Engineer: 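My structure is below; once you've seen it, I'll send some questions.
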Amino acid sequence: MTGNREIDRKRIGADFFVRDVLEVAPELPGKILVRRFSDRIVSRHLIKEVEAYRGVEDLACHASKGRTERTEIMFHKGGKIYVYLIYGMYWMLNFVTGEENIPQAVLIRGVEKFDGPGKLTRELKIDNSFYGEDLASSKRIWLEDPDETYDIIRTRRIGIEYAGEYWKNREWRFVLKDNC
DNA sequence: TCAGTGATTAGG
DNA sequence: CTAATCACTGAG
């Protein structure tokens, strides 16, 4: 909590994330990602594109390799942040979802103004220090409900050629309709 | 199309 | 210790 009543009233709470990732992910495009740098500097960005990663059986999901130091947070109850570095340069921002011991996460692939998972973390200054951050209580990052509703399109996930035909073909990428 | 870049992981 | 992998980006 930030201590600011108006902000804390709008914040999306932990329960939102403690559901199956295939319920949570389609509801994320259209939500507002809030990044607070200080009392005076708070930026808000509409989420436009996300992908679901679901369980140890999903060969595209990092947790399919088992419970390691990196994937540990995915096995926790929903509402935490999972961040990892890819290609030595880009931090990927994920929200953990679901019940404890069921590893799931949603990759945030794009927000308004910052299109692309590596670009948005660079612009919003999100790095490994956000690993494990609690979206329901963090002072520097959280979600808020928007005033409007949006149409969503679902497609196949991107960049998972290694995962095999079945998992490659799951339509677990969710994008705002007017975005594509 | 393809190089850059470094943490993470499995394996010796 | 080594080496392969990698949920990406930007230049050409």
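Please read these numbers as outputs of a predicted model, since none were measured by experiment.
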Engineer: Looking only at non-hydrogen atoms, find the nearest pair between A:A25 and A:V106 and report the distance.
Structural biologist: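 For A:A25 versus A:V106, the nearest heavy atoms are CB-CG2, 4.0 Å.
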Engineer: Please find the pair of heavy atoms, one from A:S43 and one from A:L124, that lie closest to each other, and give the distance.
Structural biologist: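 Smallest heavy-atom distance, with atoms named: OG-CD2, 4.0 Å.
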Engineer: Tell me, please, the opening and closing nucleotides of DNA chain B, 5' to 3', among those with an atom under 4.0 angstrom from a non-hydrogen atom of chain A.
Structural biologist: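 The footprint of chain A covers B:dG4 to B:dA10.
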Engineer: Angle class for the A:Y84/A:H62 ring planes (parallel below 30°, perpendicular above 60°, tilted otherwise)?
Structural biologist: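 A:Y84 and A:H62: perpendicular rings.
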Engineer: Judged by atom type as modelled, is there a donor-acceptor pair below 3.5 Å linking the side chain of A:E51 to the main-chain atoms of A:I158?
Structural biologist: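 Yes; at least one donor-acceptor contact below 3.5 Å.
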Engineer: One thing to verify: whether A:K77 and A:E99 come together as a salt bridge, which I'm taking to mean a side-chain N less than 4.0 angstrom from a carboxylate O.
Structural biologist: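 No, A:E99 and A:K77 are not salt-bridged.
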Engineer: Which part of the nucleic acid, if any, lies within reach of A:R157 when heavy atoms closer than 4.0 Å are counted: base, sugar-phosphate only, or nothing?
Structural biologist: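 Answer is nothing: A:R157 stays at 4.0 Å or more from every strand.
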Engineer: Which residues within residues 87-95 of chain A lie with some heavy atom under 4.0 Å of an atom in DNA chain B?
Structural biologist: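 Those residues are A:Y87, A:G88, A:M89, A:Y90.
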Engineer: Where along residues 60-75 of chain A does a heavy atom fall under 4.0 Å from DNA chain B?
Structural biologist: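 A:K65, A:T68, A:R70 - these, ordered by number, are the residues of the stretch whose heavy atoms sit under 4.0 Å from the strand.
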Engineer: Can you find a heavy atom in the side chain of A:V34 that is under 4.5 Å from one in the side chain of A:I141?
Structural biologist: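 Sidechains of A:I141 and A:V34: no contact.
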Engineer: Could you write out DNA chain C as dot-bracket? Rules: Watson-Crick or G-U wobble, both distances under 3.5 Å, brackets [ ] for crossings, | for pairs with another strand, dot for unpaired.
Structural biologist: ||||||.||||.
Engineer: List in numerical order all residues of residues 118-135 of chain A for which some heavy atom is under 4.0 Å away from an atom belonging to DNA chain C.
Structural biologist: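 Those residues are A:G118, A:K119, A:R122.
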Engineer: Inspect the surroundings of CD in A:E57 and state if more than 12 heavy atoms from other residues, nucleotides or ligands are less than 6.0 Å away.
Structural biologist: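 Yes, CD of A:E57 has more than 12 neighbouring heavy atoms, counting only those of other groups under 6.0 Å.
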Engineer: Are the charged groups of A:K139 and A:D39 less than 4.0 angstrom apart, N to O?
Structural biologist: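 No, this pair does not count.
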Engineer: Looking at every heavy atom in both A:L28 and A:L143, which two are closest together, and how far apart are they?
Structural biologist: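 Looking at all heavy atoms of both residues, the shortest contact is CD2-CD1, 3.6 Å.
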Engineer: Going 5' to 3' along DNA chain C, between which two nucleotides do contacts with chain A fall, using a heavy-atom cut-off of 4.0 Å?
Structural biologist: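 Contact boundaries, 5' end first: C:dC6 to C:dG10.
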Engineer: Hey, are A:D115 and A:K48 close enough for a salt bridge, meaning a charged N less than 4.0 Å from a carboxylate O?
Structural biologist: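 Not counted as a salt bridge, because no side-chain N and carboxylate O are separated by less than 4.0 Å.
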Engineer: With sequence neighbours excluded, give me every side-chain hydrogen bond (donor to acceptor under 3.5 Å, both in side chains) pair touching residues 119-128 of chain A.
Structural biologist: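 Listed once each, the pairs are A:D127-A:S129.
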Engineer: Please classify the nucleic acid contact of A:L107 as base, sugar-phosphate, or nothing, using heavy-atom distances under 4.0 Å.
Structural biologist: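 Base contact.
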Engineer: Of all residues at least two apart in sequence or in a different chain, which pass the side chain to side chain contact (heavy atoms under 4.5 Å, CB included) check with A:D20?
Structural biologist: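 Per chain and number, A:D20 pairs via side chain to side chain contact (heavy atoms under 4.5 Å, CB included) with A:L22, A:E23, A:R54, A:Q104.
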Engineer: A:K10: which residues meet the side chain to side chain contact (heavy atoms under 4.5 Å, CB included) condition with it, sequence neighbours left out?
Structural biologist: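 So A:K10 forms a side chain to side chain contact (heavy atoms under 4.5 Å, CB included) with A:E6, A:E144.
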Engineer: Compare every heavy atom of A:F17 with every heavy atom of A:V96, then report the nearest pair and how far apart it is.
Structural biologist: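 Heavy-atom minimum between the residues: O-CB, 3.8 Å.
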Engineer: Sequence neighbours excluded, which residues qualify as salt bridge (Lys or Arg N to Asp or Glu O under 4.0 Å) partners of A:D151?
Structural biologist: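 Salt bridge (Lys or Arg N to Asp or Glu O under 4.0 Å) check on A:D151 returns nothing, list empty.
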Engineer: For A:I41, what are the other residues in its hydrophobic cluster, where any two members join if their side-chain heavy atoms are less than 4.5 angstrom apart?
Structural biologist: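 Besides A:I41, the cluster holds A:F37.
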Engineer: When Ile, Leu, Val, Met, Phe, Trp and Tyr are grouped by side-chain heavy atoms lying under 4.5 Å apart, directly or through other members, which residues fall in the same group as A:I102?
Structural biologist: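 Besides A:I102, the cluster holds no residue at all.
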